[in-house]
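This chain uses plain numbering: 1 for the first residue, then up along the sequence. Since the model is a prediction, treat every value here as computed from it, not as a measurement.
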Amino acid sequence: MEVIRPALVGVIQSTSERDHNSDSGTEGFDRLRRETPWIHFRYYDEYTVDGFLRDISEMKFSAIVFASNSLTHPSIFEASCAAKEVIRTASYHGMGIVMLHQFLPPGVVRDCTFLPLAHQVSFHGTADSAVQRVTVDRRALRVNNQRPITLNLKQFGDRSPVVWSEVRPLYEREWRSITTLCKGSREVDAILRSRTPRARTIISVLPLDWLADSGLLAHAVSRAVRGRGTLYLHPLGEDPSVDACIQLAFGRAVLRGGHLSSQAISDPSEVRVNAVPYRHFSHLVISRTWTWSDLGSLLGQETKTRLENEGSITAHARDGSAQSVGEYQPLLVTVGGGRPAYLQIADRFARWFETIQERFRDGQTTLARALATVANTIHEVVEDPDAAPQALSLSEIRELLSPYIDMRLRGMPHVDGHVLPTAAIASTMELLEFPAERIAPLRSWIEGRNYASSTASLQQAKLWLQGLDIHDGLLPKTEIDQIYEALLAVRADGHDTASMDFLCEVLKDESQSISRRAIIAESLTNSDDPLVRARVADSARTLQNDLESSLVAGHPPLEAICLATAALIRIHATSGLTSGVTVRDESNGTWHDPDRDSELRRKLELTRQQSADAEAMVAKVQTFARRTVGMLVTVAIATVLAAYALLMFLVKLDAATRVQITVSGFVALTALAAYIGYRASRVGSEPRWMAALRDVATARNSAGGPAR
């Protein structure tokens with residue numbers, strides 16, 4: 001690996017700790033240089049911490065580390081509290097924070113209020129507590145290989161395995177434990193990592209910079225700086241300095257304090273984004289030697305995990321409007337680099353849900369099912385559970401709704417003797433992954449048909465509970481009956497064209513209620529048929545508008561909000577669900593084009609337009625250059641002729657000399673015109689400077705924002 005621009009990590013430690021502990025200070029971090037060559041450490045103490053914080057505000061650092069016992073020094077702690085706004089802002093913009101062991105006397109509390117609110121913690125001093133066992137999460141891997149990190153008591157070196165404090169988060173749900181330790185009869189969290197992908201904060205009660213084994217320290221620091229790292233992948237021997245597109249990508253990489261390295265590979269298909277060294281860099285830039293079709297494994301599910309954590313991949317596509325392969329123009333495209341659309345929708349819903357969740361405890365059973373649908377959808381589409389809002393996890397929603405479900409059932413196999421609320425509760429329990437033996441009595445009661453019910457209720461029960469064995473034998477009478485009959489027909493046979501046409505017409509009809517359209521969208525996006533998903537994805541913009549207006553309404557339609565959210569999450573999680581792409585109808589072998597308002601089609605057309613605009617700009621430059629050359633030729637010829645006429649008029653020469661000068665002037669003029677004509681022809685063949693200009697133009701148009 002070649003490090004082009006290293007990640008800068010500022011280490012704050014007190015002089016007293018550095019002087020009294022020979023194996024702490026810089027030595028603990030210097031041991032990491034072999035494992036993490038892309039990270040450079042700079043050291044600060046109580047005398048230089050103020051200037052260091054000013055550098056943080058300029059975004060020069062990828063992470064900061066509060067070394068062991070640094071916060072016990074009053075000057076460092078007070079300087080950190082005084083710079084809380086600077087630290088919080090830097091954290092929001094992607095700077096990592098690592099806080100290590102802090103020695104505190106029993107009963108003393110150190111509140112770290114300078115951290116962002118969601119990641120604030122407090123260190124609580126305890127009496128010296130011997131550690132019996134240390135357990136490291138199996139997902140914590142060593143930096144230089146794929147082996148899990150293990151830590152036993154012998155790896156504490158010359159120090160006794162003792163801890164002097166515990167860490168208590170302000171919001172426990174915002175953290176995930178990396179390491180636990182056994183103190184007496186208690187299991188205590190020893191190392192915590194923030195769940196929020198953008199602000200990477202790691203808190204430890206273990207002195208990782210003092211341990212003989214530096215594996216956990218390397219893991220913590222590399223994890224903290226990962227969000228700012230870019231890795232350029234290229235074939236051996238390539239010189240990227242001549243490629244304007246790559247230079248532009250490099251500039252974007254180091255903007256706002258990012259770090260940049262390069263790695264020579266033989267083929268992109270060998271890249272495994274969760275393997276060394278790729279997993280330590282959020283952003284991958286691929287050489288123009290390869291295009292999207294060559295990326296292979298980079299387009300798999302591992303990449304989805306990277307994108308969910310705000311990573312990105314930048315590579316070259318091809319403008320396919322040219323007549324031959326040789327005329328294809330490279331188009332630099334960045335995928336990712338921000339929160340994916342489906343997680344943005346989940347975040348928006350989570351913020352709204354925080355203020356409204358009490359109403360779900362007392363609502364109808366169908367409302368509980370709608371909320372469970374959102375949680376189940378996020379659980380299915382998000383590759384990395386840590387990337388999803390924790391308030392919407394299956395366990396959180398299950399904990400919220402369990403008392404409500406128990407209250408509605410009251411130990412009976414039905415809800416008030418009615419099929420619809422019973423089906424809603426059974427579906428809710430299935431979505432939240434309750435044990436099957438608890439759901440079976442409800443399904444059996446519905447199949448027993450010991451009740452009177454409408455056609456719509458029975459159809460809705462069959463739609464919610466797949467495999468439900470009931471035969472209503474009733475003909476649809478109302479429009480809602482027809483809607484449920486069509487939904488069941490599409491689920492049974494995704495190629496039921498008449499039913500799909502009817503449902504799509506209802507989706508597009510703005511006179512229909514938001515609730516009705518949300519029910520249709522949620523049911524159809526749950527289909528596995530690509531044609532069904534492609535057609536319903538064309539309604540994404542309408543659904544988004546409905547959702548936004550409902551979220552700010554005085555009396556929001558809660559069930560419709562949940563169902564529309566679930567539908568939109570599914571649409572965006574699969575990159576538009578083939579919307580905008582010609583889809584084959586397997587029933588008759590024909591191909592269908594989605595509607596013109598397809599979101600993906602608009603993106604494709606926008607990309608083509610950007611490419612055309614860039615080519616038009618280059619063509620204008622070429623035309624201007626040709627006209628300039630033509631004007632220069634005319635001026636040169638006129639100048640030569642004027643000089644010749646002036647020479648003949650002023651100087652008295654004999655006839656032989658006049659002939660000699662005339663012939664020489666004609667030859668010189670002809671040679672000059674031929675040379676300038678040759679250079680003019682070269683302008684149209686796009687020399688290197690013109691190719692660089694074209695690359696910059698296309699990169700500027702196409703790499704400016706995330707694409708999905």
Colleague: Check each of Thr377, Leu568, Ile519 against Leu563 using the side-chain contact (heavy atoms from CB on, under 4.5 Å) test, and report the only one that passes.
Modeller: Ile519

Colleague: Does Lys304 use its side chain to pair, donor to acceptor, with the backbone of Val381 at less than 3.5 Å?
Modeller: yes

Colleague: State whether Asp509 and Arg517 are salt-bridged, where the test is any N-O pair (Lys NZ or Arg NE/NH1/NH2 against Asp/Glu carboxylate O) under 4.0 Å.
Modeller: no

Colleague: Measure from the side-chain N and O atoms of Asn309 to the backbone N and O of Thr305, and report whether any donor-acceptor pair falls under 3.5 Å.
Modeller: yes

Colleague: Roughly how far, to the nearest 0.5 Å, is the OG1 atom of Thr565 from the CZ atom of Arg570?
Modeller: 11.0 Å

Colleague: Return the CD to CG distance between Gln460 and Leu487, rounded to the nearest 0.5 Å.
Modeller: 10.0 Å

Colleague: More than 12 non-hydrogen atoms from neighbouring residues, nucleotides or ligands closer than 6.0 Å to CD on Gln512, yes or no?
Modeller: yes

Colleague: Determine yes or no for a side-chain-to-main-chain donor-acceptor pair under 3.5 angstrom, with Ser539 supplying the side chain and Thr542 the backbone.
Modeller: no

Colleague: When rounded to the nearest 0.5 angstrom, what is the spacing between CG in Leu432 and CD in Glu399?
Modeller: 12.0 Å

Colleague: Taking Ser282 for the side chain and Arg226 for the main chain, is one N or O donor matched with an acceptor at less than 3.5 Å?
Modeller: yes

Colleague: Which residue is it: Ile483, Asp493, Leu463? I am looking for the one with a side-chain contact (heavy atoms from CB on, under 4.5 Å) to Leu488.
Modeller: Leu463

Colleague: Would you kindly say whether Thr422 and His414 are connected by a side-chain donor-acceptor distance under 3.5 Å?
Modeller: no

Colleague: Quickly, which of Gln466, Arg369, Arg443 forms a side-chain hydrogen bond (donor to acceptor under 3.5 Å, both in side chains) with Glu430? Name it, please.
Modeller: Arg443

Colleague: Is the shortest distance from a Lys or Arg side-chain nitrogen in Arg195 or Asp384 to a carboxylate oxygen in the other one below 4.0 Å?
Modeller: no

Colleague: Take atom CD in Glu172; do more than 12 heavy atoms of anything else shown fall under 6.0 Å from it?
Modeller: no

Colleague: Do Arg535 and Leu507 come within less than 4.5 Å of each other through their side chains, counting heavy atoms only?
Modeller: no

Colleague: Once you round to the nearest 0.5 Å, how far does CG of Asp546 lie from CZ of Arg541?
Modeller: 13.0 Å

Colleague: Looking at Asp137 and Arg139, would you say the former's side chain and the latter's main chain have a donor-acceptor pair under 3.5 Å?
Modeller: yes

Colleague: Main chain of Leu458, side chain of Tyr484: is a donor-acceptor contact present, judged purely on distance under 3.5 Å?
Modeller: no

Colleague: Please report the shortest heavy-atom distance between Val167 and Leu192, naming the atom on each side.
Modeller: CG1-CD1, 4.0 Å

Colleague: With distance as the sole criterion, is a donor-acceptor pair present between the side chains of Ser515 and Ser513 under 3.5 Å?
Modeller: no

Colleague: Could you check whether any side-chain N or O of Tyr404 sits under 3.5 Å from a backbone N or O of Thr365, counting only pairs where one atom can act as donor and the other as acceptor?
Modeller: yes

Colleague: So, Ser427 side chain and Ala424 main chain: donor-acceptor pair closer than 3.5 Å or not?
Modeller: no

Colleague: Assess whether a salt bridge exists between Asp469 and Arg449, defined as any Lys/Arg side-chain N lying under 4.0 Å from an Asp/Glu carboxylate O.
Modeller: no

Colleague: Mark yes or no for whether Arg193, through its side chain, and Ile178, through its backbone, hold a donor-acceptor pair below 3.5 Å.
Modeller: no

Colleague: Find the distance between CG (Leu409) and CG (Leu442) and round it off to the nearest 0.5 Å.
Modeller: 5.5 Å

Colleague: Are the aromatic ring centres of Phe353 and Phe360 under 6.0 angstrom apart?
Modeller: yes

Colleague: Closer than 3.5 angstrom, by distance alone: can the side chain of Tyr278 be matched with the main-chain N or O of Leu231 as a donor-acceptor pair?
Modeller: no

Colleague: Looking at CG of Leu420 and OG of Ser454, how far apart are the two atoms once the value is rounded to the nearest 0.5 Å?
Modeller: 7.5 Å

Colleague: Strictly below 4.0 Å, N to O, side chains only: are Arg438 and Asp406 in salt-bridge contact?
Modeller: yes

Colleague: Of all heavy-atom pairs between Ala489 and Ser499, which one has the smallest distance, and what is that distance?
Modeller: CB-OG, 3.6 Å

